[in-house]
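Okay, structure first, notes after.
Chain A is the first sequence line, chain B the second, and so forth, proteins listed ahead of strands; every chain is numbered from 1.
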Amino acid sequence: MVETKNSEPLIRVEGLRKTYTDDGVPVEALRGIDLIIYPGEFTAIVGPSGSGKTTFLNIISGLDRPTEGKIWIKGRLLEEMSDKELSDFRRDNLGFIFQAYNLIPVLTVEENVEYIMLLQRIPREERKRRVRQILKEVGLEGFEKRRPPQLSGGQQQRVAVARAMVSNPSLILADEPTANLDSETGGGLLDMMRELNKKTGMTFIFSTHDENVMRRARRLIILKDGRVAEDKQIG
Amino acid sequence: MFWTFMKLAWRNILRNKRRSIIAGTAIGLGLASLIFVDGMMIGMVNNMIQAATGTFLGDGQIHRAGFRRTQEVELTINEAPGIIQELEKEPEVVNFAPRVLSFGMITSAANLSAVTVVGIDPAREQFLSKVDEAIVAGAYFQKENPQDIIIGQKLAETLEVGLYDRVVITVAQAKTGDLSQEMFRVSGIFNFNIKEMDKGLVFIPLSKAQQMLALPGQIHEIALKLTDLRIGQNKDHPLWKKYSRQGNEALGWAGLLPELSYALHFTDFSIFFMALLLVGVIAFSIINTLFMSFYERIFEFGVLRAVGTRRSGVLRLILLEAASLGIISIVIGSILGLILVLIFSHIGIDYSGIEFAGVTFQEAIYPVLHVGQFIRYPLWILIFTIVIGIYPAIHAAKITPADAMRKSL
């Protein structure tokens, strides 16, 4: 296990196991993971398909429940939270970037970005100000009124990044964020996220196969058959 | 947040316009049917009431208490002249007609038949009943001949008589029971298209009937024509209490024809039952549309949940989508219903001659447009659509974000 900073852990995972039932056959996706993630990390979780990367992200973000083990985020034990508390916790502390962008197609760019702040009941003026600012940072000024289907893949992923970051969460979870992008677009997006990481201190955790991501990550956690095979700091 | 969900709901519904319009039209057709059937029922009820009251009965009647049950000729209205004077001044009474009624026998050269002999005041009667309009041969007491008689077409066939033929009426006189016989000449033949009336009623002048029954100046019945049919429907209306005195009994048409009242309740039940059936069909349309829409964008619900939308938020969103679908259906259904009722309220639906609940329809049924049809049924549809939406809404709210996004995350 690699500890990058001398501060309180952002995420602590102990003995994490997850078993799915697929057509009545139990499948062990995670087989006992212990891990600590510190604030400000830019970490990539890598491994072959089926190694448990996505399952791991789902569970540490409260999108799914573990079969065994405990997860603390910002000192709070996830299993003690009700569904409502988990929803509120995700809303206030986590940002998500998905491989398929997963924007809401009927909302415009600015409405997609603004949505989380609506859930947080942030005043209108403040919402509008933050939307303008984040869209400028991700290079999407002038695209506010467009809907996702009217954007390229790279642009949609930038909207997803803006949506994930606009509420200043402590942690951004990105699942294969560059998988649907060409190398150049993906590289540009990663550079942008790395800059935001440096600038804001937000923690980024990626699950990826992409060399581009691995090259830029400051920490690599390699999963194999549901276990941590290697965990190393880079640079 | 409500408006954000509302905006999302409308955009989601309008996302697949063709499907929403098809579903909205299917539900709207159900609504249009409800509006049309309701209009039709109002038209039918009006028709039935008009047929029952306008033909001969009147909107209400006054009798001596017990006469309706026993038909005893001695039971004449108490203080009839005073009542008639009061009725002349009654603002809710448009017209009235005094009558004398008795069981009797009619005999021709060929045959005989039991009938109800009705003595009428021809001048007053023509403003109250449709005896004059139902004449198909001869005339309606034109020459004021006391020996004139008007009989029904079916009775004329039974007696094998025609215009100006002679018939003999036999009745039992009041108090003594002595038989009284008079010869009459058939001056008119009527056809109400109601078998019982066409076969069982004969009309003679009031004074002649009073003379035959030995009831000088006395009457058995006063039929009333009122300013509003609803007075006759309301059994507790003050008019009925006012004239139910001195041993007399005043009743509106609802009291005189209880079977018609039951039939009207039956029509209410029919509408309710039909509404249930239609609503059942509509339910499947709504559930199908909402589930198709739900499964098509299941990942979106996963995303909404992932970014912090609570289960209750997803639930609200689906219910708002159901409500939006309901509103589209209401617009389509109300327009279709309005067009249908307007068209048929002009051309009518021909039910004449058909009997229902003891009443024979005399005219075509004209569906009636009523503002309540465009409030009550659309409201039902809206509430029902939302209630039906609860099932897919709970289904959507229960799904875990990871399951919803499994394909995309």
Side-chain angles (χ1 to χ4, degrees), chain A residues 18 20 29 53-55 57-59 61-65 82-108 111-121 127 147-149 160 163-164 166-167 169 173-177 179-180 207, chain B residues 1-20 290 292-318 320-321 324-325 328 393-409:
Chain A
K18 177 71 180 178
Y20 289 113
K53 305 186 294 293
T54 296
T55 304
L57 286 194
N58 280 344
I59 290 175
S61 59
L63 298 180
D64 205 352
R65 298 277 188 181
S82 66
D83 190 84
K84 188 175 155 187
E85 286 173 321
L86 261 180
S87 294
D88 293 351
F89 187 81
R90 283 197 299 267
R91 178 193 69 195
D92 297 334
N93 297 285
L94 306 183
F96 292 91
I97 302 167
F98 305 100
Q99 177 182 339
Y101 328 129
N102 287 7
L103 301 171
I104 306 298
V106 292
L107 297 181
T108 63
E111 286 168 343
N112 264 287
V113 177
E114 191 184 10
Y115 180 79
I116 294 169
M117 291 186 288
L118 279 164
L119 293 176
Q120 292 174 318
R121 299 182 191 281
R127 292 198 311 262
R147 292 204 180 169
R163 178 179 67 180
V166 73
S167 59
L173 296 158
D175 188 72
E176 308 268 12
N180 286 353
S207 84
Chain B
M1 202 59 219
F2 173 81
W3 293 111
T4 305
F5 282 138
M6 187 58 122
K7 186 161 63 181
L8 256 176
W10 268 106
R11 288 187 190 172
N12 281 329
I13 284 292
L14 296 176
R15 185 193 290 192
N16 194 330
K17 287 192 183 72
R18 184 185 299 173
R19 186 174 60 206
S20 297
L290 290 178
M292 275 168 73
S293 168
F294 166 66
Y295 281 114
E296 215 172 66
R297 53 202 174 86
I298 191 165
F299 87 90
E300 285 178 32
F301 292 108
V303 175
L304 291 177
R305 295 276 290 120
V307 300
T309 309
R310 294 175 185 169
R311 284 187 199 276
S312 59
V314 172
L315 193 91
R316 264 188 293 168
L317 178 61
I318 303 265
L320 284 171
E321 285 186 24
S324 306
L325 186 63
I328 291 173
I394 289 174
H395 191 80
K398 269 178 151 177
I399 195 160
T400 61
D403 286 339
M405 294 189 298
R406 199 165 295 282
K407 282 180 185 172
S408 50
L409 185 72

If you take all heavy atoms of [X] and [Y], which pair is closest and at what distance?
X: B/Thr309; Y: A/Ser87; answer: O-OG, 3.7 Å
X: A/Tyr115; Y: B/Leu8; answer: CE1-CD1, 4.2 Å
X: B/Gly308; Y: A/Arg91; answer: CA-CB, 3.7 Å

Does NZ in B/Lys7 sit with more than 12 non-hydrogen atoms of other residues, nucleotides or ligands closer than 6.0 Å?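 Count over threshold, so yes.
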
From [X] [atom1] over to [Y] [atom2], what is the distance, rounded to the nearest 0.5 angstrom?
X: B/Thr4; Y: A/Leu107; atom1: OG1; atom2: CG; answer: 8.5 Å
X: A/Leu118; Y: B/Trp3; atom1: CG; atom2: CH2; answer: 14.0 Å
X: A/Leu119; Y: B/Arg310; atom1: CG; atom2: CZ; answer: 9.0 Å

Non-hydrogen atoms of chain A under 4.5 Å away: do they reach the side chain of B/Ser312, the backbone, both or neither?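 Answer is neither: B/Ser312 stays 4.5 Å or more from chain A.
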
Using non-hydrogen atoms only, which part of B/Phe301 is less than 4.5 Å away from chain A: side chain, backbone, both, or neither?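 No part of it gets close to chain A.
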
Does any heavy atom of chain B fall under 4.5 Å from the side chain of A/Glu111, the backbone, both, or neither of them?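 Side chain of A/Glu111 only, per the 4.5 Å heavy-atom cut-off to chain B.
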
Go through the atoms of A/Arg163 and report whether side chain, backbone, both or neither lie under 4.5 Å from a heavy atom of chain B.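 Contact with chain B: side chain only.
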
Assess the residue pair A/Phe96 and B/Val303 against the criterion (side-chain contact (heavy atoms from CB on, under 4.5 Å)); give the C-alpha distance rounded to whole Å, side-chain angles, the decisive distance to 0.1 Å, and a yes or no. CA-CA 9 Å; A/Phe96 292 91; B/Val303 175; over 6 Å; no

Suppose we screen for salt bridge (charged side-chain N to carboxylate O under 4.0 Å, His left out). Which residues come up paired with A/Asp83, at least two apart in sequence or across chains?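 Salt bridge (charged side-chain N to carboxylate O under 4.0 Å, His left out) check on A/Asp83 returns B/Arg305, B/Arg311.
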
With chain B as the partner, which of A/Ser167, A/Pro105, A/Ala164, A/Ser61 has the greatest number of non-hydrogen pairs under 4.5 Å?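 Highest number of pairs under 4.5 Å: A/Pro105.
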
